[in-house]
There are 2 protein chains.
Amino acid sequence: MRIATFNCNSVRKRLDLILAWLADNQPDVLALQETKVMDDDFPAAALAEAGWHAVYRGQKGYNGVAMLSRMRPQLVSFGLQDGDDGESEPRLVRIRYGGIDIINTYVPQGRALETEQFQFKLAWLKRLRAYFERELGEAAATDAVWVGDLNVAPEAKDVHDSKKIWPHVCHCQEVIDRFQEVLDWGWGDVFRRFLPEAGVYTFWDYRVRGAIDRGLGWRIDHVLGTPSMAERAKGCRVDMQARRSEAPSDHTFVISDWATD
Amino acid sequence: MRIATFNCNSVRKRLDLILAWLADNQPDVLALQETKVMDDDFPAAALAEAGWHAVYRGQKGYNGVAMLSRMRPQLVSFGLQDGDDGESEPRLVRIRYGGIDIINTYVPQGRALETEQFQFKLAWLKRLRAYFERELGEAAATDAVWVGDLNVAPEAKDVHDSKKIWPHVCHCQEVIDRFQEVLDWGWGDVFRRFLPEAGVYTFWDYRVRGAIDRGLGWRIDHVLGTPSMAERAKGCRVDMQARRSEAPSDHTFVISDWATD
DNA sequence: GATGGCGGAG
DNA sequence: CTCCGCCATC
């Protein structure tokens with residue numbers, strides 16, 4: 001089973017890139033974030049024509065998540081389901097696919113430390129921990145994979161210069177602590193199990209010239225698994241090619257492979 | 001001598017198209033309208049790299065004219081030079097090239113009949129007649145070519161359905177009369193001398209689906225010459241290929257060939 | 001429908 | 001730097 005994640009920064013702008021990537025990489029599931037499209041305008045027809053099923057929830061201009069898969073998922077749900085779904089639906093989609101719960105999140109970025117957007121991000125991570133507890137139950141008894149743009153770089157090696165960047169909305173103690181509380185539900189970092197070295201990134205700011213070649217990236221896209229899934233994890237890698245393409249997203253694809261049982 | 005004209009609808013968006021077209025068609029001079037770029041941002045370097053000299057005058061967002069040529073023009077001037085040059089400079093450029101005065105204009109479109117923009121268009125044509133008289137002197141004694149987007153479809157055959165369109169800011173009696181006054185200075189219609197048949201157009205509205213294939217165009221881009229130049233005219237044609245290209249302008253190239261003397 | 005400008009976001 | 005939405009122009 002191959003599960004990939006990609007913050008596409010507009011699914012419409014990246015449609016050709018995504019279709020080519022799907023054809024080349026043949027994942028079972030591709031999780032997309034920042035689709036930036038209302039549901040009526042999601043390019044479902046073009047994806048269907050290429051043989052990909054899509055579930056998606058978007059809004060005008062920002063956010064938006066989707067799950068592409070070869071077959072229709074067994075179950076689909078959107079949002080944190082804690083009473084504020086209008087807000088959280090374009091940030092969380094969960095499918096059951098091949099007997100696995102796959103959760104795709106686009107965690108709020110948080111804008112700046114002193115803003116209420118940052119407080120919202122912290123609260124969102126707390127709500128997410130509650131979501132996993134409430135919706136998935138015991139981690140030890142669940143086959144689940146969590147992927148997405150988590151907007152958290154938890155370790156020093158997740159950024160190119162931790163001291164220089166610290167404190168940042170994606171790399172500061174409050175966010176790391178809140179993220180750890182989510183992990184404590186029972187998530188294991190599958191990305192780092194296979195890519196433990198420093199300098200492996202998944203996002204490079206458009207505004208930083210030559211960021212890729214200068215190694216000025218961030219590891220904020222994640223692949224995590226419950227204990228049973230962590231055991232089944234066979235590999236995880238980052239596809240740099242897409243980030244170097246003609247009209248790239250500022251993120252790139254992360255691909256994970258899992259034993260089918 | 002080959003002189004071409006093209007309303008490019010943003011020289012930056014059309015740069016690759018223009019470079020490819022120049023390489024294929026090897027004009028001596030290419031007149032551009034609606035470059036839509038401030039002078040500092042004109043892609044002069046990329047053109048120079050391909051061996052093309054450029055003179056240009058633009059403004060923010062709208063209008064803007066340029067002349068591309070293999071060699072530096074002998075003389076260059078911008079605007080109607082009647083005291084309102086700030087306005088008219090991004091609409092008129094004149095060069096002397098190979099012993100010929102070549103005038104490139106982007107005549108105001110005129111928005112709608114009841115607007116002051118339409119009155120401005122009529123006044124602009126009057127000012128243009130005065131310009132030719134004042135700046136070029138006697139037509140019979142002048143080797144001059146006038147090209148550009150004139151926003152005038154003077155004859156019924158210049159539009160796909162004259163009765164349906166009439167009266168339109170580009171196809172109504174007032175504009176035709178005012179245009180005739182400009183022609184009366186001494187201009188001969190070289191485009192129509194070589195392309196007299198109906199259904200030959202240079203502009204197709206983006207908003208009309210399948211406009212090209214359905215023949216729903218306008219002939220509003222012109223090539224005219226003084227009597228001596230009309231005599232030297234060897235041919236005129238419209239290049240449909242560019243309008244059918246991937247990311248086209250709504251206009252296409254008009255190419256004229258002239259005996260070198 | 002396809003430009004550009006602007007302001008907001010990342 | 002590159003998206004979005006909105007507005008204006010043609």
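Below, all heavy atoms of this structure are taken into account, side chains as well, without hydrogens, waters or symmetry copies. Every chain is numbered from 1 and lettered A, B, ... according to where its sequence line falls, protein lines coming before strand lines.
Side-chain proximity of B/Lys13 to C/dC6, D/dC1, C/dG4: nearest is C/dG4. For A/Lys60, taking side-chain heavy atoms from C-beta onward, the closest of the listed nucleotides D/dC6, C/dT3, C/dG1 is D/dC6. With distances taken from any side-chain atom of A/Arg12 to the nucleotides C/dC6, D/dG5, C/dG4, the minimum falls on D/dG5. For A/Asn9, counting side-chain heavy atoms from C-beta on, the closest listed nucleotide (D/dC3, C/dA9, C/dT3) is D/dC3. With D/dC3, D/dA8, C/dG8 as the choices, the nucleotide that has an atom nearest any side-chain atom of A/Tyr62 turns out to be C/dG8.
Smallest separation of non-hydrogen atoms from B/Ser249 and B/Asn7: OG-O, 2.6 Å.
The closest donor-acceptor contact from the side chain of B/Arg243 to the backbone of B/Ile212 lies at 3.5 Å or more, if one exists at all.
Counting non-hydrogen atoms under 4.0 angstrom, A/Arg209 reaches nothing in the nucleic acid.
For the OP1/OP2 pair of D/dT2 and a distance below 4.0 Å, the side-chain nitrogens and oxygens of A/Ser10 include no atom meeting the criterion.
Using cut-offs of 30° and 60° for the angle between ring planes, the A/Phe42 and A/Tyr56 rings count as parallel.
Of the two residues near DNA chain D, A/Thr35 and A/Asp205, the one whose nearest nucleotide lies more 5' is A/Asp205.
Between B/Trp218 and B/Trp204, the ring center distance fails the sub-6.0 Å criterion.
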